[in-house]
Amino acid sequence: MKYKEYKGLNYAEVADNILKYWQDNKIFEKSVDSREGNETFTFYEGPPSANGTPGIHHVMARAVKDIFCRYKTLKGFQVKRKGGWDTHGLPVELQVEKELGITKEDIGKKISVEEYNQKCRETVMRFKNEWDDLTRKMGYWVDLDDPYVTFNKDYMETLWYLLKQLYDKGLLYKGYTIQPFSPAAGTGLSSHELNQPGTYRDVKDTTVTAQFKIKGEENTYLLAWTTTPWTLPANTALAVGENINYVKVKTFNPYTFDEAYVILAKDRVAAYFNNKAADLKLEDYNAGDKLIPYEIVAEYKGKDLVGQEYEQLLPYVEPDGPAFKVIPGDYVTTADGTGIVHISPTFGADDQRVAKQAGIGAILVKDEEGNLGPIVDRQGRYVKEMGEFAGMYVKNEYYADGEAPEKSLDVLIGIKLKEENKAFNVVKYEHSYPHCWRTDKPVLYYPLDSWFIKTTAMKDKLVELNKTINWKPASTGSGRFGNWLENLVDWNLSRSRFWGTPLPIWVSDDRSEEKCIGTIEELKAEVEKSVAAGFMTENIGDDLDLHRPYVDDIILVSDSGQKMFREPDLIDVWFDSGAMPYAQWHYPFENKEIFDANYPADFIAEGVDQTRGWFFTLHAIAVMLYGKVAFKNVIANGLVLDKNGNKMSKRLGNAVDPFKTLAEHGPDATRWYMISNANPWDNLKFNIDGVVEVQRRFFGTLQNTYSFFALYANLDGFDFKDGEVNASDRTESDRWVLSKLNSLIKKVDEAYNEYEPTRAARLIQDFTIDDLSNWYVRLNRKRFWRGEFNADKKAAYQTLYTCLLTIAKLGSPVAPFYMEQLYQDLNAVTGLDVAESVHLTDFPVADDSIIDIDLEQRMDLAQNVSSLVHSLRKKHKIKVRQPLSKILLPVINDTFKRQVSAVEELILSEVNIKAIEFVDDESGVLVKRVKPNFSKLGKEHGKKMKAIAAQINQFKPEDIVALESDNNKVIDVEGEEIALTLEDVEITYQDIPGWSVASEGRLTVALDITISDELKKEGIARDLVNRVQNLRKDMGLEVQDKIKINIEKNTDLVNAALEANREYICNETQALSLDIIESLSDGSELEMDEHKLKVKIEA
RNA sequence: GGGCUUGUAGCUCAGGUGGUUAGAGCGCUACACUGAUAAUGUAGAGGUCCGUGGUUCGAGUCCACGCAGGCCCA
């Protein structure tokens, strides 16, 4: 049995083969089944929607999910991963509308709801095959055979069950929110519709800065500005910014010329008062003067104004609760207006929110049916209670052509306020305002009925439990998510659409009776009653579809015998996905045990854009119904942008095709690149060059290392079947790399465990490239190819084998295909692991007894010394093949000497030097430099630091000696004596006269660059060996083939070099003989620096 | 407009608790190696650490205010 050897590995092909291996051998299934009975690690899959094709960012998101599921499996947990599909919602509906060429209004008219929903059902899974294909090709292990689907009856029944639970807890109620509304079309507009291009247009409106008279104070007014004067009669509060500065200004009303004290933001004074009037005296003012004098008479903070009461501005209708107070508004600015914001809870979303928070009521009227409503009806007209303005449209645009009055309602209100000394300023103002895309008329912000989940009732619990969740990154949890919870509003569940889960609430005609249905069985029972009451002809069958229109046809009977109809709303699709922990198992109707074992989730991961989406709905439902978190650890990953940092979009053509990327570069390099390049929670600028680099640098190096191993292990028949070599029988470098390897295991385990995949990948990568390949293999190459298969060689094979196999296991969560191949290739020969897949093995366990920190330090020293010597050779243009006699190392301390001595051989062979000499103070050749220890001295002496540093830098050699011998030196700084010890300074050896010196930190190396005759000869011999090896290779000789070397007589130096090193040359080149011949007729001409040799080689 | 986030070499990223030569890889330049070879090694050049103020003996690091990009929400 041989280790597989490759000629140019195709990584995409590896993935294909491994994928087949997994499928044929059911490895994924086994990775779950083989952990049966073990502790479970629960992962929830956030369901994607299959009505569009997947993008490259899905590869990123799913790689993150996959990594931790695989890791936990290796750690022995059973990790069930049920896939899922999000199938309801607006995007699906819009897509269908577009394809059918219809609008929402046409549904139920041009096409039946039944047909329409059928179309949605067909559309929503359109790209399921592409998704499944991507899932497999990228190596995302998730159960595709039995996914949850949100439109399935079982799934929907659980939703109903959960809604009923909320209903029974009193957490489901009907209320209103302020939504964009088009009176002309008689319909609410979704935010999607409002985001259509062209909806926002610049319009000129009459704006009013109104005077709100403070209660109990003469002539004192709060000024508030509005671009919608028609909302002023609905005013119930004024909002200020708590940290904004306000002033009271004494002046005169520009319309009535009455004396007035007005309050507004300090920053806005300049906008309301003419600077030219600044110097005018109030007492010089005459009514009608153009310039109106003003004077600031008091100043307040916004929070000082909070609570101030004022008189109702336009008292047509009484408020339904406390009103006419100053309240805090977090969104108030001084960018425009007066810094005081007019609040009408019925006509602004912010208004409604801050009013509710402050316990302020609204201005409401009763319609004919006794329902409360705003002072504007659904056609956009003032209601009858509005006195002289009753029946007027609030916008002139709403009148039929030619019927609009000359003066709009806004203008009339402006006039009325001026006359009543209630307007401080009335002007036209151009601003951007949304328009209905269908009717072209302005949108109203209007209260519309909706069903809500009372999340605010559980706010404290939601906030508290959120703090127990491990968020990656933490800032998303405390910041974006935490702030969102702090400013929570009730969850608006209602959607007036067709394709979604219907709200299971039936209400009687007079709205006095309600029923919320929680199960299909319950529905049947209720229908039976209805049949008995004669409202329904027959009961529903088992094949009932819970979608519209079927449920709409169901009429129930109330306890008092009234007909009950379903509330026509659908529920927010986010409820669908937030309910997946329960609904995916059709809990509580089935699978109770599975649910219990898999709730809550240990881990979920999704894009950061889901913070207020899925992350919230999962959390909200779990906390409200079960008082628990839904997930314990969560990674909120960032976006995948194009290489220039722009959002990818199909429209712009900068979207990266995931299938193409996977096919060209393979899933492993793609995944490794995505994970190692940046933390998943940072945005990733996806650059295909980066994938190529990862492939070349990491996978290329790893594969080369494996190939190197395989080449020689095959020659020697190494199969690791006769036990492990003792640590004591291994070389220093063997023990070093194994120590590093075990340190690596620890760190990687820790990184995965802390949900830091980037750290894990980088650790593995650095070990593979720097420690294993660039140091261990390079230094030990000869051990692999020289001589017979002895104990030392075996140790080398075992060491390298262990490193490679461990890398395969550690890296398998990130690069599941390639690492599987590596594992298989290694294990096929040795059979040391019984598992048939790397994904069925156990995660490596670090052996502390192998970790030797001192050894790791020693090797660091060897590397640093070598690097310095290389740099010196470079400086003097002496190539490594030319041996040199010695280097000098100043001894920093005893440990240093001991550590360097232990790796002396390594250094000598690495840099081709004959000897290391240590020098210390007694040698007298060292020139010392001293540097202050800033961090220590700075803490103690603070301000004097500069003076101290200046003095230390001027120490003479004898000062340093004195300090060293006494461990004490007193210096005088600005009259104060400061005693220094050795700890206060850093002593380095900066220079050795007559030597070539390089240093890094405290380490200094001096190189003897004199090349003696003998060294020169050895250099020539080494050069020759090198050239002969080339010739051998050119001749196509095998490593073990023997040769004869003939060389034509050359200069005395060269001849002497050959004679002196004959044995060495023959040994290295597998030569039986080396003869110097007077004349060679047919040899090859070799150039070695200034020497030219004629050489002939015979096999 | 608000919340969160990012800004360090041409590119991608590291840089506990403030401490005096700001690092790595890629790319570039030069050299070396040539039995890991469609590999490999070494060195060099390359930085107003986004800006402006502040705190401090000392700021890439702490504070404030900005600027630019991103996401979410208004």
Side-chain angles (χ1 to χ4, degrees), chain A residues 7-8 191 330-333 335-336 348-350 353 473 475-484 486-487 607-613 636 638-639 641 643-647 673 676-679 681-685 687 689-690 692-694 696-698 700-701 703-712 758-759 762 765-766 769-770 773-775 777-778 781-782 784-786 866-867 869-875 877-881 910-911 931-939 941-949 953 1000-1001 1026-1027 1029-1030 1032-1033 1037-1040 1068-1070:
Chain A
K7 281 195 188 117
S191 59
D330 49 15
Y331 62 98
V332 177
T333 69
D336 48 24
D350 276 329
R353 180 169 57 82
S475 59
T476 297
S478 57
R480 188 181 284 206
F481 194 66
N483 291 343
W484 160 249
E486 290 292 346
N487 297 308
V608 66
D609 52 334
Q610 295 294 338
T611 305
R612 293 173 185 196
L639 264 76
L641 309 169
K643 63 178 173 184
N644 299 316
N646 298 313
K647 203 171 166 174
Y673 162 71
S676 67
N677 190 64
N679 281 316
W681 39 88
D682 289 331
N683 288 348
L684 174 70
K685 288 186 204 161
N687 189 344
D689 294 345
V692 174
E693 186 187 322
V694 160
R696 213 167 41 76
R697 193 168 150 67
F698 174 61
T701 304
Q703 183 59 24
N704 268 328
T705 307
Y706 165 78
S707 299
F708 175 84
F709 167 82
L711 175 66
Y712 296 110
T758 306
R759 205 164 84 206
R762 285 176 180 173
Q765 183 171 308
D766 290 347
I769 295 169
D770 296 335
S773 173
N774 289 358
W775 193 250
V777 171
R778 200 160 52 78
R781 269 155 61 194
K782 282 190 180 168
F784 290 89
W785 52 259
R786 198 161 52 183
S866 301
S867 161
V869 175
H870 277 305
S871 130
L872 286 169
R873 278 182 170 276
K874 179 93 188 165
K875 201 160 129 197
K877 296 197 179 357
I878 304 172
K879 51 190 173 186
V880 180
R881 215 182 285 133
E910 172 68 7
V911 295
K931 208 170 82 174
N933 179 348
F934 278 90
S935 108
K936 181 164 185 295
L937 287 169
K939 279 187 188 90
H941 301 291
K943 279 190 203 238
K944 298 203 183 70
M945 200 52 226
K946 264 195 179 134
I948 295 172
N953 286 333
E1000 190 187 303
N1026 159 256
R1027 301 307 195 273
Q1029 300 286 33
N1030 286 347
R1032 284 183 58 116
K1033 224 169 126 186
L1037 295 179
E1038 291 296 317
V1039 175
Q1040 60 276 15
E1068 289 290 314
T1069 59
Q1070 309 277 316

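Below, all heavy atoms of this structure are taken into account, side chains as well, without hydrogens, waters or symmetry copies. Given the structure is predicted, the values throughout are model-derived calculations rather than measurements.
- Between N677(A) and C13(B) there is a side-chain N or O to OP1 or OP2 distance below 4.0 Å.
- Using a 4.0 Å heavy-atom distance criterion, K685(A) is classed as a sugar-phosphate-only contact.
- One finds the CG atom of N683(A) at 5.0 Å from the CG atom of L639(A) (value rounded to the nearest 0.5 Å).
- For L639(A), whose side chain is taken as the heavy atoms from C-beta onward, the closest listed nucleotide among G25(B), C71(B), C4(B) is C71(B).
- With both ends at atom P, the span from U8(B) to C33(B) equals 39 Å, rounded to whole Å.
- Checking the phosphate oxygens (OP1, OP2) of C57(B), no side-chain nitrogen or oxygen of K946(A) falls inside 4.0 Å.
- Taking the side chain of N1026(A) as heavy atoms from C-beta on, and the options C33(B), C71(B), A36(B), the nearest nucleotide is C33(B).
- In this structure, of C33(B), A14(B), G19(B), it is C33(B) that holds the atom nearest to the side chain of K879(A).
- At the phosphate of G41(B), OP1 or OP2 sits under 4.0 Å from a side-chain N or O atom of N774(A).
- Checking U55(B) for Watson-Crick or G-U wobble geometry (two distances, each under 3.5 Å) identifies no partner in any strand.
- Considering only side-chain atoms of D682(A), the nucleotide from U42(B), C71(B), A14(B) that sits closest is A14(B).
- Side-chain proximity of N704(A) to A74(B), C13(B), A36(B): nearest is A36(B).
- Although no hydrogens or angles enter the test, the distance criterion places no donor-acceptor pair under 3.5 Å between the side chain of R612(A) and the main chain of F481(A).
- C13(B) and G53(B) have their C1' atoms separated by 30 Å, given to the nearest Å.
- You won't find any donor-acceptor pair under 3.5 Å spanning the side chain of S867(A) and the base of A43(B), going by distance alone.
- Here A36(B) is the nucleotide among C26(B), G70(B), A36(B) with the atom lying nearest to any side-chain atom of R778(A).
- Only the P atoms considered, G16(B) is 14 Å distant from C63(B), to the nearest whole Å.
- For the C1' atoms, the distance from U6(B) to A14(B) is 15 Å, rounded to whole Å.
- For the pair K943(A) NZ and U56(B) P, the interatomic distance rounds to 7 Å; values are reported in whole Å.
- The residue Q1029(A) sits close to a base: some heavy atom pair falls under 4.0 Å.
- Rounding to whole angstrom units, NE2 of residue H941(A) and C1' of U56(B) are separated by 17 Å.
- Contact check, K931(A) against G19(B): no side-chain N or O comes under 4.0 Å of OP1 or OP2.
- Between L711(A) and N683(A), the one whose closest nucleotide on RNA chain B sits nearer the 5' end is L711(A).
- Checking V777(A) against G479(A), the closest nucleotide of RNA chain B that is more toward the 5' end is the one next to G479(A).
- For the P atoms, the distance linking G7(B) with U17(B) amounts to 15 Å, nearest Å.
- Within 3.5 Å, a donor on the side chain of R480(A) pairs with an acceptor on the base of C71(B), or the reverse.
- For U5(B), the OP1/OP2 oxygens have a side-chain nitrogen or oxygen of S475(A) closer than 4.0 Å.
- R696(A) has a side-chain polar atom (N or O) that falls below the 4.0 Å cut-off from OP1 or OP2 of G27(B).
- R1032(A) has its CZ atom 16 Å from the P atom of U37(B), to the nearest Å.
- Here CG of N677(A) is found 8.5 Å from OG1 of T758(A). Values are rounded to the nearest 0.5 Å.
- R781(A) comes within 4.0 angstrom of a base, heavy atoms only.
- No engagement by N687(A) is indicated, since no non-hydrogen atom pair under 4.0 Å with the nucleic acid exists.
- The residue G938(A) sits close to a base: some heavy atom pair falls under 4.0 Å.
- Side-chain proximity of R612(A) to U42(B), C71(B), C73(B): nearest is C73(B).
- Between L641(A) atom CG and U6(B) atom C1' there is a gap of 11 Å when expressed in whole angstrom units.
- As rounded to the nearest Å, U61(B) and G18(B) have C1' atoms that lie 6 Å from one another.
- Using a 4.0 Å heavy-atom criterion, one finds that D689(A) contacts no nucleic acid atom at all.
- One atom, OH of Y712(A), and another, P of U37(B), lie 7 Å apart when rounded to the nearest Å.
- Rounded to a whole Å, the CG atom of D770(A) is 9 Å from the P atom of U42(B).
- Of the nucleotides present, C28(B) is the one that pairs with G44(B) by Watson-Crick or G-U wobble criteria, both distances under 3.5 Å.
- Here U17(B) presents its P atom at 12 Å from NZ of K939(A), a figure rounded to the nearest Å.
- The OG atom of S773(A) sits 16.0 Å away from the OH atom of Y706(A) when rounded to the nearest 0.5 Å.
- For R697(A) and C11(B), the CZ to C1' distance is 15 Å, given to the nearest whole Å.
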